[in-house]
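This is a predicted model, so every value here is computed, not measured.
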Amino acid sequence: MAITSALTNSFKAELLGGEHDFAAGGNTFKLALFVNATLGSTTTTYAAPADANAVPTNTNEVSDKTTNGGATATGYTAGGRTLVLSGVGTTTTTSFTSFTDLSVAASNAWTSATFTTDGCMIYNSSVSNKAICAVDFGGAKTVSNGTFSIEFPTNNSTSAIIRLTS
């Protein structure tokens, strides 16, 4: 099992169909953490659990439950965190968007957390949990009764997490 960093193929097609709204006040995007999962360009949706603490069957999402593929964790609720868009921009060749960091300063980091993760999925919870992208963290990241935060790249044409170029 592996996570491959990629915008999903379904996301690119859905953009052409107008299904995702990254403008201020548009759709709600979330970030869910995974361990030993298979995620990448062919991932199409986030598999939502039956309730906030249910095991997302066979997805290997970090979860408070350990059956059906959940990874033992505390301080993490299935479904992940809601993201805040940091704006949509464009240059002559690139359109881009990113999100604000999941941090203590923004009060949206995972605190008093104990888990291991090796990647994440960003998905659109406003549009049937459709997958936007998968991100490989480059190895297992472990937190033990501490704070887990995520820093997004600068929101510009060369660094933003989502960039479309001509």
Side-chain angles (χ1 to χ4, degrees), residues 1-11 14 20 22 26-86 96-155 159-163:
M1 298 177 144
I3 297 175
T4 303
S5 294
L7 289 175
T8 65
N9 296 336
S10 58
F11 168 67
E14 291 156 4
H20 300 281
F22 287 91
N27 295 151
T28 298
F29 299 92
K30 291 189 169 189
L31 182 145
L33 299 173
F34 293 83
V35 63
N36 299 321
T38 301
L39 301 171
S41 62
T42 60
T43 304
T44 58
T45 58
Y46 166 77
D51 64 60
N53 291 312
V55 177
T57 304
N58 300 321
T59 65
N60 287 46
E61 181 180 4
V62 171
S63 172
D64 286 335
K65 308 292 185 187
T66 58
T67 57
N68 295 328
T72 303
T74 57
Y76 180 88
T77 300
R81 292 277 196 254
T82 299
L83 297 171
V84 176
L85 285 163
S86 54
F96 55 91
T97 192
S98 194
F99 304 95
T100 58
D101 295 342
L102 295 174
S103 65
V104 172
S107 299
N108 58 0
W110 289 273
T111 57
S112 300
T114 299
F115 58 77
T116 298
T117 179
D118 53 15
C120 69
M121 175 197 309
I122 296 174
Y123 66 98
N124 188 337
S125 66
S126 296
V127 183
S128 304
N129 294 332
K130 292 186 176 187
I132 304 299
C133 65
V135 179
D136 176 8
F137 293 159
K141 306 299 179 194
T142 300
V143 60
S144 180
N145 196 28
T147 300
F148 188 84
S149 57
I150 293 180
E151 294 180 15
F152 283 95
T154 304
N155 190 24
S159 301
I161 192 140
I162 299 173
R163 293 174 307 220

Step by step, work out the side-chain contact (heavy atoms from CB on, under 4.5 Å) result for Ile132 and Tyr46.
CA-CA 10 Å; Ile132 304 299; Tyr46 166 77; over 6 Å; no
Show the nearest heavy-atom pair for residues [X] and [Y], with the distance to one decimal.
{"X": "Ala134", "Y": "Leu39", "answer": "CB-CB, 3.8 Å"}
{"X": "Ala6", "Y": "Gly40", "answer": "CB-C, 4.4 Å"}
{"X": "Ser10", "Y": "Ala131", "answer": "OG-O, 4.2 Å"}

[atom1] of [X] to [atom2] of [Y]: how many Å apart, nearest 0.5 Å?
{"X": "Lys130", "Y": "Glu14", "atom1": "NZ", "atom2": "CD", "answer": "4.0 Å"}
{"X": "Thr43", "Y": "Met121", "atom1": "OG1", "atom2": "CE", "answer": "5.5 Å"}
{"X": "Leu85", "Y": "Thr97", "atom1": "CG", "atom2": "OG1", "answer": "5.0 Å"}
{"X": "Thr114", "Y": "Asn145", "atom1": "OG1", "atom2": "CG", "answer": "5.0 Å"}
{"X": "Asp101", "Y": "Ser149", "atom1": "CG", "atom2": "OG", "answer": "7.5 Å"}
{"X": "Thr82", "Y": "Lys30", "atom1": "OG1", "atom2": "NZ", "answer": "4.5 Å"}

For residues [X] and [Y], determine if any side-chain heavy atom of one lies less than 4.5 Å from a side-chain heavy atom of the other.
{"X": "Thr100", "Y": "Leu83", "result": "no"}
{"X": "Phe11", "Y": "Cys133", "result": "no"}
{"X": "Asp136", "Y": "Thr4", "result": "no"}
{"X": "Thr44", "Y": "Thr8", "result": "no"}
{"X": "Leu102", "Y": "Leu31", "result": "yes"}

Ignoring hydrogens and angles, state whether a donor on the side chain of Thr154 or Ser159 is under 3.5 Å from an acceptor on the partner side chain.
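There is no such pair between these side chains.
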Using the test side chain to side chain contact (heavy atoms under 4.5 Å, CB included), find all partners of Thr111 that sit at least two apart in sequence or belong to another chain.
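Expected list: Thr147.
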Asn155: side chain to side chain contact (heavy atoms under 4.5 Å, CB included) partners, not counting sequence neighbours:
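Per chain and number, Asn155 pairs via side chain to side chain contact (heavy atoms under 4.5 Å, CB included) with Ser86, Phe96, Ser98, Ala160.
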Quick check against the 3.5 Å criterion: does [X] have a side-chain atom that pairs as donor or acceptor with the backbone of [Y]?
{"X": "Thr117", "Y": "Phe34", "answer": "yes"}
{"X": "Thr45", "Y": "Ala47", "answer": "no"}
{"X": "Tyr76", "Y": "Leu33", "answer": "yes"}
{"X": "Asn108", "Y": "Ser103", "answer": "yes"}
{"X": "Glu61", "Y": "Ala78", "answer": "no"}

Once side chain to side chain donor-acceptor pair (under 3.5 Å) is applied, what residue pairs with a partner in residues 119-128 remain, sequence neighbours excluded?
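Listed by first then second residue: His20-Asn124, Asn27-Asn124.
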Please step through side-chain contact (heavy atoms from CB on, under 4.5 Å) for the pair Ile3 and Val135, ending with a clear verdict.
CA-CA 7 Å; Ile3 297 175; Val135 179; 6.0 Å; no
How are the rings of Trp110 and Phe115 set to each other: parallel, tilted or perpendicular (split at 30° and 60°)?
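Taking Phe115 first and then Trp110, their aromatic rings stand perpendicular (interplane angle over 60°).
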